[in-house]
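The structure appears right after this line, and notes come after that.
Side chains are part of it too, since the values below use all heavy atoms of this structure and drop only hydrogens, waters and symmetry mates.
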Amino acid sequence: MLGNLGPYPWYSRIDLRGSRSFLAKVRRLVLGCAVSGKLNRGVDCGAGVGRVTEGLLSHVCNVIDAVEPVGKFTAILDAGELKKTGVVGGIYTMGLEDWHPREQYYDLIWIQFCVGHLNDAQLVELLKRCRAALVPGTGICVVKENISTDPRDIDMYDAEDSSVTRTNGKFRGVFEEAGMRVIASDLQTGFPKDYKFLPVRFYALRPKNPSPDSRS
């Protein structure tokens with residue numbers, strides 16, 4: 001399923017293009033974070049078979065770890081070319097609620113389309129661990145998720161897969177509770193309107209009370 005993104009749907013290219021643009025913007029906001037060249041170590045949270053690992057993170061990080069609860073997906077990652085060449089580092093077959101990363105370890109934590117299966121308390125605790133896992137001064141955490149379109153401005157629940165699509169306000173409250181602050185936020189653009197996809201929003205997060213060497 002890896003290999004020049006051939007098996008991935010057409011909208012994956014739009015998704016990845018938006019992610020590259022947003023990340024480039026965010027890197028310019030953090031003093032000391034290299035604007036060009038690769039970051040040292042990143043992690044793909046909810047990695048699946050490695051679509052984002054391959055299509056985005058392998059181009060901006062020297063080594064990418066992967067966290068994914070489905071064993072058949074991590075087996076694909078483990079057998080893939082990126083693992084053989086050392087671009088993919090540690091592979092953790094577990095849910096994010098059970099993942100405890102090393103402190104001060106990651107230059108970039110990328111969390112995309114996977115926190116809908118965590119309740120609010122689990123998400124807060126995950127982000128607290130991510131906050132501690134960021135390299136001091138320059139580490140960045142990006143959350144990219146669907147946003148609720150309920151006209152009452154409340155979270156939307158899917159009874160079939162027991163997932164939640166949160167509102168923008170809910171996400172921001174969770175980030176605040178976890179001790180993270182939003183340094184940039186954008187909507188993903190480029191998807192055809194007639195497909196009626198849920199809005200997708202990026203949040204770039206840094207710990208509160210930053211060190212003096214950060215602009216953000």
Side-chain angles (χ1 to χ4, degrees), residues 1 8-9 11-12 14-16 18-19 22-23 42-57 64-74 76-77 91-101 106 108-131 133 140-182 184-191 195-205:
M1 294 182 71
Y8 299 126
Y11 54 78
S12 181
I14 298 172
D15 170 77
L16 292 168
S19 295
F22 181 75
L23 182 56
V43 58
D44 187 357
C45 295
V49 298
R51 180 184 69 89
V52 173
T53 302
E54 179 194 18
L56 172 68
L57 299 179
I64 309 106
D65 294 341
V67 186
E68 166 56 47
V70 180
K72 66 180 180 180
F73 292 163
T74 55
I76 292 171
L77 266 174
I91 298 175
Y92 305 96
T93 306
M94 62 179 61
L96 290 173
E97 68 274 18
D98 297 318
W99 179 59
H100 291 261
Y106 290 111
L108 177 62
I109 298 174
W110 193 273
I111 305 172
Q112 179 169 345
F113 299 154
C114 59
V115 300
H117 292 283
L118 301 181
N119 62 38
D120 291 349
Q122 289 173 326
L123 180 53
V124 168
E125 291 305 310
L126 168 65
L127 291 170
K128 286 180 179 179
R129 297 194 298 271
C130 289
R131 183 188 67 200
I140 301 164
C141 177
V142 174
V143 176
K144 182 175 184 179
E145 285 292 340
N146 294 119
I147 299 297
S148 172
T149 57
D150 192 296
R152 299 166 294 175
D153 195 31
I154 60 175
D155 297 346
M156 301 186 335
Y157 294 92
D158 188 327
E160 286 190 18
D161 65 0
S162 300
S163 67
V164 58
T165 302
R166 294 176 171 89
T167 65
N168 176 50
K170 170 61 74 63
F171 271 119
R172 289 176 181 272
V174 165
F175 301 151
E176 176 76 17
E177 187 175 350
M180 299 284 253
R181 57 205 172 88
V182 179
S185 182
D186 286 336
L187 284 170
Q188 167 79 50
T189 60
F191 294 132
Y195 277 77
K196 294 182 172 58
F197 290 155
L198 286 172
V200 177
R201 181 167 284 278
F202 298 94
Y203 302 93
L205 309 176

Rounded to the nearest 0.5 Å, what's the gap from [atom1] on [X] to [atom2] on [Y]? Could you check?
X: M94; Y: T74; atom1: CE; atom2: OG1; answer: 10.5 Å
X: D44; Y: I109; atom1: CG; atom2: CD1; answer: 11.5 Å
X: D158; Y: H117; atom1: CG; atom2: NE2; answer: 8.5 Å
X: N146; Y: M156; atom1: CG; atom2: CE; answer: 8.0 Å
X: T165; Y: K170; atom1: OG1; atom2: NZ; answer: 11.5 Å
X: L57; Y: D65; atom1: CG; atom2: CG; answer: 11.0 Å

(request) Determine, stepwise, if the pair W99 / V43 fulfils side chain to side chain contact (heavy atoms under 4.5 Å, CB included). (result) CA-CA 12 Å; W99 179 59; V43 58; 3.9 Å; yes
Quick one: are [X] and [Y] in side-chain contact, heavy atoms under 4.5 Å?
X: E125; Y: L118; value: no
X: V182; Y: F171; value: no
X: V52; Y: K144; value: no

(message) Please tell me whether Y203 and N168 have a donor and an acceptor in their side chains that are separated by less than 3.5 angstrom.
(response) yes
(request) May I have the step-by-step check of side chain to side chain contact (heavy atoms under 4.5 Å, CB included) for I111 and C130, ending in yes or no? (result) CA-CA 10 Å; I111 305 172; C130 289; 4.1 Å; yes
Donor-acceptor check, side chain of [X] to backbone of [Y], threshold 3.5 angstrom: yes or no?
X: R131; Y: A178; value: yes
X: Q188; Y: I14; value: yes
X: E145; Y: C114; value: yes
X: S148; Y: R166; value: no

What's the shortest heavy-atom distance between [X] and [Y], and which atoms?
X: E68; Y: G48; answer: OE1-N, 2.8 Å
X: C45; Y: L96; answer: CB-CD2, 3.7 Å
X: L127; Y: V143; answer: CD2-CG2, 4.4 Å
X: A47; Y: T53; answer: CB-OG1, 4.2 Å
X: E97; Y: R129; answer: O-NH2, 3.4 Å
X: P69; Y: T93; answer: O-CG2, 3.8 Å

(request) Might you confirm whether atom CD of E177 has over 12 heavy atoms from other residues, nucleotides or ligands at distances under 6.0 Å? (result) no
(request) Look at the aromatic rings of F197 and Y11 and report parallel, tilted or perpendicular, splitting at 30° and 60°. (result) perpendicular
(request) Fit a plane to each ring of F22 and F202, take the angle between them on a 0 to 90° scale, and name the class: parallel (under 30°), tilted (30 to 60°) or perpendicular (over 60°). (result) parallel
(message) side chain to side chain contact (heavy atoms under 4.5 Å, CB included), that's the test. Do L123 and L126 meet it? Break it down for me.
(response) CA-CA 5 Å; L123 180 53; L126 168 65; 4.3 Å; yes
(request) Could you pull out all residues at least two apart from D98 that satisfy salt bridge (Lys or Arg N to Asp or Glu O under 4.0 Å)? (result) none
